[in-house]
Amino acid sequence: MRKRETAWLVFCLSCFLFSLGCASGRSRVPSLIKALKHKDPQVRVDAAKALGELGPSAEPAIPALLETLKDNKSAVFLAAAKALVQVGTKSVEALALTMREENAWFRCRAAEVLGMFGPLGGKAVPTLIKALEDHDLCVHDNAAESLGKIGKDAVPALLDALKITRPDVRKGAAKAIAGMDEPLRKAALASLLEVFKSEDEYARGEATMALVEIGEPAVSAVLACLKEENPRLRERAIALLGEIVPKSRESVLPLLAAFKDPARIVRLKAAVVLGRMGDWNPEILPVLLPYLRSGDLAVRRGVIEAIGNMGPAGE
């Protein structure tokens, strides 16, 4: 009997919320805010959804929706998060302020919600960049992911963040770039590659570290450097490839192609990098062995030298 009474109560409350939906604009907001604190989680979910449907008219409810992000019911949290997005960019400013809260769990949730705004979350970029320094791993990771979702407006700040000496900040910035849509990721990588090609050793070192942090999404961009006219640049690209995918069988073929390079320094670097990779990963050697029968003398010589550089792994 009690279950029926509870179900009837929820039904009545849902009807009440629906009736509020028939009222006009802001006049509904105070009642819906009150419903966000109701003991029944479904009522809280329905109230958050109703506020979201009001869009910018529900701006007075932003503080209450922020408080609802702390709800331990995931359905309520998600409804409040979606409502904040529907309310508009005023929510972005409010969420950015909540990133100063002492409660790490709340900061983590706020960082996650900021990513839901996508490109509209641009105003939160400085706050999210700062959050890459957060001692809480959840806050750090959600900030990086949200920066990737914000996209274009975050790229300049992320490229600057990749120059910061703190490894956690560089790692977060790299993760954000790696998580972007392909066109934006390519644009960011192109900027880094220009620095990588620089004659400034310090700047080049920064770009190298950034590309290593980004990891496998940077491989195709690095491979493009193997077509550069400058042999020193091709040599550096091979060394970088070995740092990005040091244990990957997929990186073997591009390095094998480097054995045909006209510059001896490039061929030597390819043999050194392949040797080191084979020393780390025993699966590399079986991939190389068939090339000992290659009809190309340069390839055979390069493979022999690479196996020699493997040490005990090549015996």
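It should be emphasised that the depicted structure is a prediction, and the values quoted were computed from it without experimental measurement. Side-chain atoms are counted along with the backbone in the values below, which use heavy atoms only and exclude waters and symmetry mates.
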SG-CG distance between C108 and N103, expressed to the nearest 0.5 angstrom: 10.0 Å

Over all atoms of both residues, closest heavy-atom pair of S220 and P217: OG-O, 4.3 Å

L189 side chain reached by R185 side chain, heavy atoms, under 4.5 Å: yes

Side-chain heavy-atom pair L54, L32 within 4.5 angstrom cut-off: yes

K34, NZ atom: more than 12 neighbouring heavy atoms under 6.0 Å: no

Within 6.0 angstrom of R166 CZ, more than 12 heavy atoms from elsewhere: yes

Verdict with supporting geometry, E305 and N309, side-chain hydrogen bond (donor to acceptor under 3.5 Å, both in side chains): CA-CA 6 Å; E305 191 160 353; N309 288 332; 4.9 Å; no

Atom pair CG/CZ of L114 and R109 - distance to nearest 0.5 Å: 14.0 Å

M180 to A154 - nearest heavy-atom pair and separation: CE-CB, 4.4 Å

Approximate separation, where rounding is to 0.5 Å, of K49 NZ and L78 CG: 8.5 Å

Same apolar cluster (I L V M F W Y, side chains within < 4.5 Å links), L274/V299: yes

Sidechain-backbone polar pair: S146 side chain, A111 backbone, donor-acceptor under 3.5 Å: yes

Check: R234 side chain, V266 main-chain N or O, donor-acceptor pair, under 3.5 Å: no

Test salt bridge (charged side-chain N to carboxylate O under 4.0 Å, His left out) applied to R44 and D71, step by step: CA-CA 10 Å; R44 301 199 295 274; D71 200 295; 2.7 Å; yes

Side-chain donor/acceptor of D181 to backbone N/O of L184, under 3.5 Å: no

Closest contact, heavy atoms only, A270 versus F259: CB-CE2, 3.8 Å

Common cluster, L97/W105, ILVMFWY with side-chain heavy-atom separation under 4.5 Å: no

Main-chain N/O of H135 paired with H140 side-chain donor or acceptor, under 3.5 Å: no

ILVMFWY cluster, L147 and L137 together (side-chain gap under 4.5 Å): no

For the student: nearest non-hydrogen atoms of D153 and P119, plus distance: OD2-O, 4.1 Å

L51 CG to I33 CD1 distance, which is reported to the nearest 0.5 Å: 6.5 Å

Within-4.5 Å side-chain heavy-atom neighbours: L192 and E206: no

same_hphob_cluster(M209, L158) at 4.5 Å side-chain heavy-atom cutoff: no

Donor-acceptor contact below 3.5 Å, side chain R107 vs main chain V139: no

Inter-residue atom distance I284.CD1 - R276.CZ, 0.5 Å rounding: 12.0 Å

S191 side-chain N/O to A187 backbone N/O, donor-acceptor pair under 3.5 Å: yes

Co-membership, hydrophobic cluster, residues F77 and V45, 4.5 Å side-chain: no

Side-chain heavy atoms of L120 within contact of V92, under 4.5 Å: no

Stepwise side chain to side chain contact (heavy atoms under 4.5 Å, CB included) test for I307 and L292: CA-CA 10 Å; I307 293 173; L292 288 173; 4.2 Å; yes

Gap between atom CG of L69 and atom CD of E112 - 0.5 Å precision: 9.5 Å

Validation row: L268, I265 side chains within 4.5 angstrom (heavy atoms): no

Donor-acceptor pair, side chain of R170 and main chain of L162, under 3.5 angstrom: no

Under 3.5 Å: donor-acceptor pair, side chain of T208, backbone of R204: yes

Working for side chain to side chain contact (heavy atoms under 4.5 Å, CB included), residues V252 and Y291: CA-CA 11 Å; V252 170; Y291 290 92; 5.6 Å; no

Considering all heavy atoms, the nearest A239-V273 contact: CA-CG2, 4.1 Å

From CA spacing to verdict: side chain to side chain contact (heavy atoms under 4.5 Å, CB included), I62, K90: CA-CA 8 Å; I62 288 176; K90 287 287 184 182; 3.8 Å; yes

Validation row: R301, L297 side chains within 4.5 angstrom (heavy atoms): yes

Under-4.0 Å salt bridge between E235 and R232: yes

Smallest separation among heavy atoms of L132 and G172, with atom names: CD2-CA, 4.0 Å

Test side-chain contact (heavy atoms from CB on, under 4.5 Å) applied to L211 and I177, L241, L240, V219, the passing residue: L240

CA sep, side-chain torsions, deciding dist, call: N281, M277, side chain to side chain contact (heavy atoms under 4.5 Å, CB included): CA-CA 6 Å; N281 183 1; M277 288 168 58; over 6 Å; no

Any residue meeting side chain to side chain contact (heavy atoms under 4.5 Å, CB included) with C225, in chain and number order, not counting sequence neighbours: L193, F196, K197, E228, A237

